[in-house]
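The structure appears right after this line, and notes come after that.
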Protein chains: 2
Amino acid sequence: MTTEPKVLLFQHFEKYIKLSDTLKAALDERASFVSFKKGEMVHDAEKVCTKSYFIQKGLFRAYFIKDGKEISEYFPAENEWSNSPKSFITRQKDVYYIDAIEPTEAFCLQVNDLVYLFENFPEMERYARLSMGTVFGHLMERITSLRFTSAKEKYAHFLQTYHDIHHRIPLGMVASYLGITQETLSRIRGER
Amino acid sequence: MTTEPKVLLFQHFEKYIKLSDTLKAALDERASFVSFKKGEMVHDAEKVCTKSYFIQKGLFRAYFIKDGKEISEYFPAENEWSNSPKSFITRQKDVYYIDAIEPTEAFCLQVNDLVYLFENFPEMERYARLSMGTVFGHLMERITSLRFTSAKEKYAHFLQTYHDIHHRIPLGMVASYLGITQETLSRIRGER
DNA sequence: ATAACTTTTTGATTTACATCAAAAGCATTT
DNA sequence: AAATGCTTTTGATGTAAATCAAAAAGTTAT
């Protein structure tokens, strides 16, 4: 078995902080390579989420169940972290499941590894602060998009935020992400 | 003029980190006391937001203008930070105005002060990471509330998240916060 | 107190989207 | 290639909330 080089992971960190050789080594040592088949479950809401995945190639879907239906929450893809945020932070169960929409290759970090890194590398704290700021902005935009816009505008906003990967996500999953029905989304796409 | 004791501010930090005496002193030195009259503008969207306010007593409203109407984004009150997040982080203009709904007393930190604190006190980075995690959770909940629930359920969710201060916010501002019309909100409140 | 605003409520009408139902299109399996 | 099971589209009907309009209640100024 070959050792997967973690270039994409390192590049991601370097968008926010300078990676010292020792931190690089610590990350390299702790992050393990994992792969998932299409449709495979990555995280089960029945369990506490103790792992965070950095996707190298592929696509996940985080969702929860409401009235027996799967409601998509977000679609983490290449160069993004994926976990069940609240569960991961509080070490309690939360409602989110995560599945692989496509065959996916990822690097996995355990909570404990992350705790160790935060304890020993102050620049990791900075990385977390800065990268959370980015996600923060996305969440705020999404809130705006959900509040005032028609179904058509919501879909337009989705196309914008997920423009590189929108075609990789089935229609039904997009509809539940937007909080509209499949039928409405189908009609919107049909226009023009 | 009396020196305002910053007990509430320190207590807030101590929810997340242990405050060393030197950090306490650094905070005390940099945070200035400010007060606003009812209706006074705290931040103007025409300018870059370089200040962050920690509210000791009072209530703000962050909002933006859409089609000539003021759309409320959130209502920061006692023991919370308030700024125009994206503008504050990126040092670019953003769409948010902030007004004082009530006469308000607050402590003010400049971006530069914060940068200094992050540079010199690694525990500040941790504070930022942890406190952002809290806000993060609120944002995710709000997204869920906006997506699938009826106007009535949205209002119920608002009452829950803002239960201590909901009666201090005028109806029209609540309606725009929820993305429903004043009329609809008035009818909902009228039931029972 | 009266006037002049502003905020909230009440009423009638319209509309975007949900719901229900079924057909059509695709993909995977035998 | 037929069969089975998903996904997407198309159609008919219902409904929650928006819009338009105006009255009532509450607030601030003269």
Side-chain angles (χ1 to χ4, degrees), chain A residues 37-41 59 61 63 65-72 75 97 99-103 143-159 162 165-192, chain B residues 36-41 59 61 63 65-72 75 97 99-103 142-159 162 165-192:
Chain A
K37 297 197 190 88
K38 178 177 175 170
E40 194 177 342
M41 187 178 283
L59 181 58
R61 171 182 64 130
Y63 63 97
I65 310 282
K66 179 178 161 130
D67 305 331
K69 286 179 186 165
E70 298 180 353
I71 308 294
S72 303
F75 304 101
Y97 296 82
D99 284 359
I101 292 184
E102 298 176 354
I143 286 172
T144 303
S145 152
L146 285 170
R147 263 195 307 184
F148 294 100
T149 59
S150 62
K152 193 187 289 191
E153 288 171 294
K154 282 176 191 144
Y155 181 60
H157 183 260
F158 164 79
L159 287 181
Y162 282 104
I165 60 165
H166 71 88
H167 54 280
R168 292 155 65 184
I169 307 168
L171 174 136
M173 294 181 186
V174 175
S176 76
Y177 170 84
L178 296 174
I180 62 178
T181 58
Q182 293 201 97
E183 293 93 324
T184 299
L185 181 53
S186 174
R187 279 183 250 264
I188 288 166
R189 284 209 312 198
E191 291 172 18
R192 161 182 14 92
Chain B
F36 296 92
K37 297 197 191 91
K38 179 178 175 168
E40 193 177 345
M41 186 177 285
L59 181 59
R61 170 181 65 130
Y63 63 97
I65 310 281
K66 178 179 162 129
D67 305 331
K69 286 178 187 165
E70 298 180 353
I71 308 294
S72 303
F75 305 99
Y97 296 81
D99 284 1
I101 292 183
E102 298 175 355
R142 185 164 172 210
I143 286 172
T144 303
S145 152
L146 286 170
R147 262 192 311 181
F148 295 101
T149 60
S150 62
K152 192 187 290 190
E153 288 171 293
K154 281 175 191 145
Y155 181 59
H157 183 260
F158 163 78
L159 288 181
Y162 282 103
I165 59 165
H166 71 88
H167 54 279
R168 292 155 66 184
I169 308 167
L171 176 136
M173 294 182 187
V174 175
S176 76
Y177 170 84
L178 296 174
I180 63 179
T181 58
Q182 295 201 98
E183 293 94 324
T184 298
L185 182 54
S186 175
R187 279 182 251 263
I188 287 167
R189 282 208 316 198
E191 292 173 18
R192 160 185 9 95

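Here is how names work: the chains are called A, B, and so on, in the same order as the sequence lines, proteins then strands, and each is numbered from 1. Fair warning: this is a prediction, and the values are worked out from it, not measured in the lab.
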### Phosphate-side-chain proximity, B:T181 and D:dA18, N/O vs OP1/OP2 below 4.0 Å
yes

### Integer-rounded Å distance: C:dT6 C1' and B:I169 CD1
18 Å

### Query
Looking at A:S186, does any N or O in its side chain come under 4.0 Å of the phosphate oxygens OP1/OP2 on D:dT8?
no

#### Entry: Protein-nucleotide distance (B:L146, atom CG; D:dA17, atom P), rounded to Å
13 Å

### Presence of A:T184 side-chain N/O under 4.0 Å of C:dC17 phosphate oxygens OP1/OP2
no

### Task
Over 60° means perpendicular and under 30° means parallel, so classify the ring planes of B:Y97 and B:Y63, tilted if in between.
parallel

### Query
Does a donor on one side chain and an acceptor on the other come within less than 3.5 Å for B:S150 and B:E153?
yes

### Interatomic distance, B:L171 CG vs C:dT7 P [rounded to whole Å]
11 Å

### Message
Mind checking if B:L185 touches a base, just sugar-phosphate, or nothing, with heavy atoms under 4.0 Å?
### Response
nothing

### Query
Can you tell me how far C1' of D:dC20 sits from CD of B:E183, to the nearest Å?
9 Å

### Task
Quickly work out the A:K152 NZ to C:dA18 P distance and round it to whole Å.
14 Å

### Query
Nearest-Å distance, CD1 (A:I180) to P (C:dT19)?
12 Å

### Polar side-chain atom of A:S176 near backbone of A:S72 as donor-acceptor pair, under 3.5 Å
yes

## Note on the structure
Assert: residue with more 5' nearest nucleotide on DNA chain C, out of B:R187 and B:M173, is B:M173

### Query
Which pair of non-hydrogen atoms, one from A:G172 and one from A:Q182, has the smallest distance, and what is that distance?
CA-OE1, 3.3 Å

### Query
A:R189 has an atom CZ; how far is it from atom P of C:dG25, in whole Å?
16 Å

### Query
Could you state the CG-C1' distance from A:D67 to C:dA18, rounded to the nearest angstrom?
14 Å

